[in-house]
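To start, the structure under review is shown below, and the notes come after it.
For reference, positions follow the sequence shown, starting with 1. For the numbers below, each heavy atom of this structure counts, side chains included, while hydrogens, waters and symmetry mates do not. These numbers come from a predicted model, not from an experiment.
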Amino acid sequence: MPVTLEDLKAHVRDLGDEDDAILTRKLAVATDMIKQKVGGFDKFDGSVPAPIEEAILMYAAHLYANREATTFGGQAFMLPLGVEDLISTYRDGWTY
């Protein structure tokens with residue numbers, strides 16, 4: 001995996017071990033989702049670009065902090081994470 005549990009814990013400023021299972025699950029989901037969106041990590045020859053790693057961290061942190069639908073003023077909205085911007089140029093057949 002391009003991002004480790006320790007990377008994610010530093011990103012969310014979690015120094016304890018009590019949420020390791022939850023963070024590990026959120027990291028796995030985020031990694032899989034980003035991997036699918038960019039068409040796999042094997043095309044990067046063993047070195048995943050930093051924007052992809054940052055997108056994984058951002059997505060996993062969002063999943064950790066917002067375990068339910070994100071709402072504002074009683075209405076649910078998609079949260080603009082910047083993840084799509086970070087991975088857009090790495091997608092197969094991308095257009096901007």
Side-chain angles (χ1 to χ4, degrees):
M1 289 184 29
V3 176
T4 66
L5 175 61
E6 290 73 27
D7 295 333
L8 180 57
K9 288 174 74 168
H11 184 79
V12 298
R13 298 182 181 160
D14 181 340
L15 302 177
D17 296 331
E18 61 274 356
D19 283 348
D20 281 5
I22 294 168
L23 287 167
T24 298
R25 184 171 49 245
K26 303 304 181 189
L27 181 57
V29 169
T31 301
D32 189 56
M33 294 298 293
I34 300 299
K35 183 178 180 179
Q36 288 179 40
K37 287 179 175 281
V38 300
F41 296 147
D42 54 339
K43 66 183 182 180
F44 300 119
D45 296 325
S47 180
V48 175
I52 300 292
E53 291 177 348
E54 187 66 19
I56 293 168
L57 288 170
M58 289 173 65
Y59 194 21
H62 170 71
L63 293 173
Y64 176 67
N66 302 284
R67 299 179 196 180
E68 303 295 333
T70 303
T71 61
F72 179 74
Q75 294 182 337
F77 293 95
M78 256 181 97
L79 185 65
L81 294 174
V83 169
E84 291 295 331
D85 288 335
L86 286 167
I87 67 171
S88 65
T89 59
Y90 299 100
R91 294 180 107 166
D92 294 331
W94 72 280
T95 57
Y96 192 69

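With contacts defined as side-chain heavy-atom distances shorter than 4.5 Å, the pair Y64/L8 does not qualify. Between P2 and I56, some side-chain heavy-atom pair lies under the 4.5 Å cut-off.
The nearest pair of heavy atoms linking E53 to V48 is OE2-O, 3.7 Å.
Screening I22, V29, L23 for a side chain to side chain contact (heavy atoms under 4.5 Å, CB included) with K26, the sole residue that qualifies is I22.
Residue pairs meeting the salt bridge (Lys or Arg N to Asp or Glu O under 4.0 Å) criterion with at least one member in residues 42-51, sequence neighbours excluded, are K43-D92. Among residues at least two apart or in separate chains, there is no ring-ring contact (aromatic ring centres under 6.0 Å, His included) pair with a member in residues 1-27.
By the side-chain contact (heavy atoms from CB on, under 4.5 Å) test, S47 is found to be paired with no residue, residues two or more places apart in sequence or in another chain being considered. Take P51 and apply the side-chain contact (heavy atoms from CB on, under 4.5 Å) test, not counting sequence neighbours, and it matches P49, L86, Y90. Every side-chain contact (heavy atoms from CB on, under 4.5 Å) that D17 has, sequence neighbours left out, goes to K9, D20.
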Acceptor/donor pairs from residues 30-40 side chains to any protein atom, 3.5 angstrom cut, sequence neighbours excluded:
from : atom 1 : to  : atom 2 : distance (Å)
T31  : OG1    : L27 : O      : 2.7
D32  : OD2    : Q36 : NE2    : 2.7
K37  : NZ     : E84 : OE2    : 3.0

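The CZ atom of F41 sits 6.5 Å away from the CD1 atom of I52 when rounded to the nearest 0.5 Å.
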